[in-house]
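Below you'll find the structure, written out as structure tokens, and then a few comments.
First the proteins, then the strands, lettered A, B, ... as listed; each starts at 1. Scope of the values below: all heavy atoms of this structure, side chains included, with no hydrogens, waters or symmetry mates.
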Amino acid sequence: MAEFFSTYLPSWLAQLVTGLIQCVILLHVPLVGAMFFVWVERKAAARIQDRLGPTRVGGMFGWLQLLADGLKLLTKEDLRPQEADAMLFRLAPYVGFCASFTVFLALPFSDGWVVQWLDVGVFFILAVLGLEVFGVILAGWASASKWSLFGAMREAAQVVSYEVPLGMCVVVPVMIAGTMDLVAIGRMQEGLFTNWFIFHDPFTFVIFFVYFTCGIASVNRAPFDLAEAESELVAGFHTEYSGFRWLIFYMAEYGSMFIVSGLAAILFFGGWNGPIPLADLLGLTDANGELAGYLGRFLGMLNFVFKSVLGVTVMIWVRWTVPRLRIDQVMTMCLKYCTPIAAVMFLGATLWTYTFPGGVTGLRGTPYGTVRGVSAQRVELSDLTPATEDAEGAAGEGSDNKPAEEHAGDVAAAAADGEAAAASTPSGPLSIATFASSRARSR
Amino acid sequence: MATQTGTAFADDPRIIEYDVRTDEMLINMGPQHPSTHGVLRLVLRTDGEIVSEAVPHIGYLHRCAEKIGENLAPRQFVPYTDRMDYLAGMNMNLGWALAVEKLMNLEIPEKAKHLRVIIAEMNRIASHLVGMGTYGLDLGSFSPFLYAFREREKILDLFEEACGARLTYSYLTVGGATHDLPATWLEKCEAFLDQLLPVITEYHTLLTTNAIFVRRAANIGVMSAATAIDFGCTGPVLRGSGVDQDLRRDGEQWYTEMYDGYAFEVIVEKDGHYPKDHEYPAIPKTAVLGDCWHRFYVRMLEVIQSIDLVRQAIDRYRTATGSHCVPVKLNQKLPKGEAYLETECPKGQMGFFIVSRGEAIPWRVRARSSCFSNLSVTHELCRGCLLADVPAIVGSLDIVMGEIDR
Amino acid sequence: MMQFLAQPVGAAHYLLVGAVLFVCGVICMTTKRNALGVLMGIELVLNGANVNFIAFSQPALRADRGLALGLDGQVVAIFVIVLAAAEAAVALAIVLNFYNNHGTVDVDEADELKG
Amino acid sequence: MDAINWHTFFFLLFSLVACAFAIAVVLSSNIVRMAFYLILSLAATSGLFFLAGADFVGAMQLMIYVGGTLVLLIFGVMLTNQGPYTMLKSRGDSWLLGVVAGVGLLALLTYTALGVRDWMGPTEEQLAETQLAFAQPSATATPIGNALLGIRVDKLNGGNEPDAQQQVLQGGMSGYLLPFEIVSVHLLVVLIGAAHLARTKKRSDTRST
């Protein structure tokens, strides 16, 4: 696109325009997504409650309801309490929304379809998702309302606590994959659905449910929606908000819901890989031309979106079914159940991958599944000398001046420091697989 | 968050156990608050999440109902009773009508009595359904509220057919009822009851036995039988504390004769189980007699009991003799004297006191509100609970502000 | 401005940012009377130092590539972050204790060790 | 002039945000606002880290540093309801001292930073190579993880000759296993220590409260 614009504009302006267009497109993913989820929520809630939900706006099924709602909210008066800290009160919704929106930068929608391909994708997503709480706390504090403050402090306590088990749960698939790169993790789960990490071992199976519980808690959905518990705190942290700013909070919430279930889809349910490798069976791969590869990825994106929407739907379902927990019960749940279970499962998964490095069934080609475009190599202590030979290939031109992270070598190099390895695992294999990928971007 | 508990070292006031120095916070819960069941205002004194004091402030819905009653003929006052406990208007009508009849010593036909049982028990079901639904709402579960209202709508449909109104009925009046039941009303009512019974089982799955619900309600707001009696609590709140008291059995003859010959047991816990709980979920281990869960459960079981009573009443009504009312003129002089009668309303024992000087219009009218007494215990129950427990406790008392403020 | 935008930045530019953060932190530490403000100053100082480590770790930011810290710079930055977190935890506990004992977070009040 | 070096552009963006909010932290006296500015400053700094190719450190900065500031913010919020501690105005003499020391320090640091020619950026010949280096996504997580386990993948790749690699292997790779272990024990100690310091205490309160 930049090339197209550069025929009319100076190149820097062309690049700027291209970037802005892409930003706007990306911005629409959470926005339209939030619209869709609000509609889904209203319809699902209505069905659960024996109602019809919106039926009129937009012809059938009220699918334009949120647009109407949004227009209504935009025309509402933007209220601010007299005592409020004006600047923070105005900024707080955007802080939350920015955090939620930024995560979409690192979330791959299909094989290689990611805005910013990060080597630390999982880490980045968890970190940025954790920043959403700032918006809530600032909103609660700046409102100068006791109910808002209650909501903010509850949110703070809850999010800080739940980040621990959430992180532990996420670490398990990362450990199995050996990388924090979400694209690589997704690629490892190619093939049949048995390759999905949730079926990798019993521990990942359990930990998915822990993850989902913690995920619901970290995005403040019922039964963990203490920060906005309407029967206790009026509306919690957004009691004093109206109109557009309130809408922003709402969008951030739905964005986070999508992110949490999207992350679950990638980490546990194969991401964009369907239960059967349909794209491969239909020949929609890069090998059959660019268009076929594009179509295959598009199919993958549908897969991913479907799985994420399914996760969001489950959250909606849970919300309209169960009562809300109390603050001490939420903390008990986190500290007494989720954290220990996650820790034990983490240990179990570690031992499992150590005991069955190639998986129990041995169906996977490489120790950690087939990885397209990423070569994995398992290095054991006895391979120390050959490993140096492999490393030879990695030494590309100009490597004298570049550290390893700059290397575009396609061979993984890993070796063990003799002393360290001997200290940790005297006789067993030292499973360090490094993925230095050619990273030919398939976008 | 902070706790400031000095109880362990109460003998030495200088030794305090603390975590962080914190100030107490005064919070107004209501009168505009989603879970105060109307316009109740609770002033909470909280230390972080812990509530050290909860003082109810009432009077936002005061409409001088009693004073109005002193300026109207008893039959004209019936619509005002509707507006007391607006969720159980029929029971209010009945209480007032019975009190006036007691003053007038007016016997009403057998058919009218059975009709009154049908209508009163149906309204009890409706009221308890609302109580159940709003309790779910108080605990953060929205769906049971709408399920309960769905069933209540059907009762309101039946009432509408009988008297033309859906909320303020003025149906049961001095001397009986304003109209007889329409032609196919009984069949429709029976069909509704047949359909309601399995639905109640679903509510038990959704709420009564739900793990989170049990955690939120069991062992919360525990009220001993002694406390309940001290504060004058009545109705399900009293029975939830294990006191065997139900005016339909224990009340005055003037009231209980309506229920003469009906088979029913008072819903109260005896030896760890309830009379009609054989097909319903067992009491959870964490539940303590007198807690929110028990109060809720008593209401749920009373719905079953009322279904049973309505069925019996329908059978009797079909074979009963007489008319649906005895006509009472609007300007009929009341005998000199006074009468007080309490009836078992869904929320508790509602009493009407009426003093006459021999005129058509009573000289004094007073109402004894059940919710007023039930609410008075809030302060006692909320001491030291968490903020989230306040709606749980107030909700389990099932109050209606219209009745408290009158 | 446009001239600057066309040029690649070097480690020195990063160092300038680090210096500003560092100096802000130092001023924060000296001027703030609120103990939490002092803590924020410390965070800024450590952060400024981290910027330097990262700047020096990247060989592409400088002409003498071979002298870049490489991975070492990043690892040290990680240790700084981790230790800053640890420092904040202990410091907050101390502030809490100070607050409990003195009923204030004004560090000027902490003069009991003065001879 | 029709080419923008986007690395420079974003460097300018992030560094302006980081510096502006750092100054705002100094100038503000409301503790919650200070925490908010600090968060923005730290987040912008993490952007600088990402820009400099240190992805892992950047993410870590977001997670730990900014997350740690969250606790500061919460403390600020908690203290704010206590009346006068929101706004503790700094004294004039401390301002004088701080600004004098700060400006001196800044001058020194600026002089040092700009003093080395090689630090001013890549030379003209290195320009293309630099563009290439920043165009590739940096994969730092695995090397850092290995380095913390004592395995320096980058050093192994450093030499072309097998001899050099053998030398590295035999001479030790200066990994970070020991510091890593020390830090982990340190964190544990800090965790226990902070919990001990902040835990509920019983004491004789002689002052009137």
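With a 4.5 Å cut-off on non-hydrogen atoms, D/Ser28 touches chain C through its backbone but not through its side chain. Of the two parts of D/Val57, the backbone and the side chain both hold a non-hydrogen atom closer than 4.5 Å to a non-hydrogen atom of chain C. Neither the backbone nor the side chain of D/Ala101 comes within contact range of chain C; no heavy atoms are under 4.5 Å apart. Residue contact with chain D, scored on non-hydrogen atoms closer than 4.5 Å, involves the side chain of C/Leu83 exclusively. When heavy atoms are compared at a cutoff of 4.5 Å, D/Leu148 approaches chain C solely by way of its side chain, counted from C-beta outward. In this structure, no portion of C/Ala88 lies under 4.5 Å from any heavy atom of chain D. Using a 4.5 Å cut-off between heavy atoms, D/Phe14 makes no contact with chain C at all.
Atom-to-atom distance recorded for C/Leu21:CG and D/Phe21:CZ is 13.0 Å, nearest 0.5 angstrom. Here C/Asn50 contributes atom CG and D/Leu42 contributes atom CG; the two are 10.0 Å apart, rounded to the nearest 0.5 Å. For the atom pair D/Ile144 CD1 and C/Leu71 CG, the distance stands at 5.5 Å (nearest 0.5 Å). Note that CD1 of C/Ile81 is 12.5 Å distant from CE of D/Met63, once rounded to the nearest 0.5 Å. Atom-to-atom distance recorded for D/Leu38:CG and C/Cys24:SG is 10.5 Å, nearest 0.5 angstrom. A distance of 7.5 Å separates NE2 in C/His13 from CG in D/Leu114, rounded to the nearest 0.5 Å.
Ranked by heavy-atom pairs under 4.5 Å with chain C, the first of D/Val189, D/Thr45, D/Ile64, D/Leu16 is D/Thr45. Between chain D and the options C/Val20, C/Ile94, C/Val75, the largest number of non-hydrogen pairs under 4.5 Å is found for C/Val75. Among the candidates D/Pro179, D/Gly58, D/Gly193, the residue making the largest number of heavy-atom pairs closer than 4.5 Å to chain C is D/Pro179.
Looking at D/Tyr176, its side chain never comes within 3.5 Å of a backbone N or O of C/Phe79 through a donor-acceptor pair.
D/Ser41 has its side chain within reach of C/Leu44: a pair of non-hydrogen atoms, C-beta onward, lies under 4.5 Å apart. Contact of the C/Val82 side chain with the D/Met60 side chain is registered, since non-hydrogen atoms from C-beta on lie closer than 4.5 Å. For the pair D/Trp95/C/Ile27, a side-chain contact is recorded, criterion being any heavy-atom separation below 4.5 Å from C-beta on. D/Ile31 places a side-chain heavy atom less than 4.5 Å from the side chain of C/Met40. Looking at heavy atoms from C-beta onward, C/Leu15 lies out of side-chain contact with D/Leu109 at the 4.5 angstrom threshold. Looking at heavy atoms from C-beta onward, D/Phe49 lies in side-chain contact with C/Val51 at the 4.5 angstrom threshold. Two residues are said to be in side-chain contact when any heavy atoms from C-beta on lie closer than 4.5 Å; C/Ile54 and D/Leu48 fail this criterion.
Shortest non-hydrogen contact noted between C/Gly37 and D/Met34 is CA-CE, 3.4 Å. C/Val17 and D/Cys19 get closest at one heavy-atom pair: CG1-SG, 4.0 Å. D/Ala194 and C/Ala93 get closest at one heavy-atom pair: O-CB, 3.7 Å. C/Asn47 and D/Tyr65 make their closest contact through N-OH, 3.4 Å (heavy atoms, listed as atom of the first residue, atom of the second, distance).
Residues D/Phe11 and C/Tyr14 bring their aromatic ring centres within 6.0 Å.
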